[in-house]
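Protein chains get the first letters and strands the later ones, always in sequence-line order, with residue 1 at the start of each.
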Amino acid sequence: MKNSIWFLGCVFLTILSSCIGDDVIDDAVEPIVRIENLIDSIQVGTDYQFEASFLNNVGKPESVPLSWSSSDSDVVSITDDGTASALNPGSVIITVFAQTSASTFEESFDLNVGASTTTVVQPTSRSGVIRTTSSYDLTGDFTIEEVDGSLVVNIAENYRASTALPGLYVYLTNNPNTIAGALEIGAVEVFEGAHAYSLASVGLNDYNHILYYCKPFNVKVGDGEIQ
Amino acid sequence: MKKYRYISLLLILFISTSSLMGGGGWPQPKGKGYLKLSEWWVISDQHYTDSGLIDPNVTTGIFNTSIYAEYGFTNRLTGVLYFPFYSRTFSNNIVSGTTGEVITPGEAISGLGDTDLSLKYGITKPGSGLAIAVTATLGLPFGNSSGGTLGNLQLGDGEFNQMITADAGTGWQVGSIPFFANASLGYNNRTKEFSDEIRYGLELGANLFNNKLWVIGRLTGVESRRNGATAATANATSIFANNAEFTSIGAEIAYNIGENWGVSASATGAVRGELIFASPSYSFGVFSKF
């Protein structure tokens, strides 16, 4: 009897050594169409090749059929692959459509036809505010800018992060709900005050959020939208 | 005096059910001992943060299959071993609710856990109404403290610690029901930049059904001295994070099936904490006295 109990006990203990399960997270974001090379105006009689990309409902680039349209094809005609031809002076609205199996997404912008082609002046920097999405202290302003071919993320003097949290990492991402598809900048080593990260081969408009994530707990700690 | 001796004997026989508080203020008699095979586990998808609030985390589980043993070298000096000979920890897969893809694969490791080796010395004479004992414990870091791809799966904290604990216990009888109470206070000196800890505990137990069943209520706690490194410099989480604190309450039942053996089960949950899982832990064990 006693041996049986010990045996059953051992079996019970073995069974208790549990298996790996699944934690499902809500990582959905609004899909967007992003125009990569905006211009403000185009010279009569010239062509311009527009480029666009589609970020899906988890913020990842996805290859989907794109199509383009002009609000007035007498002023600007545009092909399905985004080649615009300036025919007459005037103003039009250019729209790019991304067709997925579930829906169609679009993005529009104004285009003037004039004496010269003008690239829209992109801001030289973007900025945002870091906020906590957890119970851990995390706050501060930040800017990003391109310097000598690298993207520099400047965290402001008012930045503060909890030192109580193990394994805090910082990312750039198009989906603030997950680190999937995010660019890992590195482990957070500064928890108060100004500091900067320099990232090679990253464009100013490649990402739209900064994300703070605790790797050991596998949980988001905070984020900031890049405006 | 006779009554105290009887109750003390009962307590020695039955109180040794917790690895945290050991046999309380009662050392084992010379040549006598206690052996327990048990499984302790906690599975949690949330934790207490540094502000005492509760945040989510990936579901993580820790299982310790252990041997707990006490042996009386003399009537006052008892050797105590807590040896988790098979520990296992795992973290779940993180799966996209949108695409169903696994974003971060779950992992598991197993092996030895951190082991405690103790000597308990009875300050008071065996059979005294108030039993006082001091215990010196060496925490041996046998457990892997940096397993898994990220090094954050742990079977131990990786540091060698030394702890001194004082226990004071007493027993009494109400009608035919024996009761006991035990209080403990300990100081845990930790290495490798882990903060030292103050540990405390209170136990209240009653023996029911003709010495067959012990019912024990327990309050335990850990307070960090915060004299070590911050948690930010380590990957430690779960029950091994630096500067972790908690106050927990728990209950345990120990049922004596035979004359010298029985089974026990317990459940314990933190009512407050910092950097510690916010889910109850459980244990089940088979014990034997010899």
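Between the side chains of A:Asp27 and B:Ser96, at least one donor-acceptor pair of N or O atoms lies under 3.5 Å.
Heavy-atom contacts from other residues, nucleotides or ligands closer than 6.0 Å to CD1 of B:Ile253 number 12 or fewer. The number of heavy atoms from other shown groups lying within 6.0 Å of CZ (B:Phe290) is above 12. Summarising the local packing, CZ of A:Arg126 is surrounded by more than 12 heavy atoms from other residues, nucleotides or ligands at distances under 6.0 Å.
Per-residue heavy-atom pair counts under 4.5 Å with chain B were compared for A:Gly181, A:Ala161, A:Ser135, and the maximum is reached by A:Ser135. When B:Asn57, B:Leu53, B:Asp45 are compared by the number of non-hydrogen pairs under 4.5 Å with chain A, B:Asn57 comes out ahead. Ranked by heavy-atom pairs shorter than 4.5 Å toward chain B, the options A:Val58, A:Asp26, A:Asn56, A:Asn177 are led by A:Val58.
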Inset, instruction - List the steps and the verdict of side-chain contact (heavy atoms from CB on, under 4.5 Å) for B:Asp55 and A:Val219. - result: CA-CA 9 Å; B:Asp55 271 9; A:Val219 68; over 6 Å; no
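To the nearest 0.5 Å, the span separating CG on A:Asn57 from OG1 on B:Thr99 amounts to 8.0 Å. With rounding to the nearest 0.5 angstrom, the NZ atom of A:Lys215 is 10.0 Å from the OG1 atom of B:Thr149. Between A:Phe217 atom CZ and B:Ser91 atom OG the span is 12.0 Å, to the nearest 0.5 Å.
When each of B:Ile94, B:Thr104, B:Ile103 is tested with A:Thr178 by the rule side-chain contact (heavy atoms from CB on, under 4.5 Å), just one qualifies, namely B:Ile103.
In this structure, A:Asp23 contributes its side chain and B:Thr59 its backbone to a donor-acceptor pair below 3.5 Å. A:Asp22 places no side-chain N or O within 3.5 Å of a backbone atom of B:Val95 that could act as its donor or acceptor partner.
In terms of heavy-atom proximity, A:Ala164 sits nearest to B:Asp50 at CB-CB, 3.2 Å. When all heavy atoms of B:Tyr48 and A:Tyr136 are compared, the closest pair comes out as O-OH, 4.2 Å.
Using a 4.5 Å cut-off between heavy atoms, B:Glu101 touches chain A through its side chain atoms alone.
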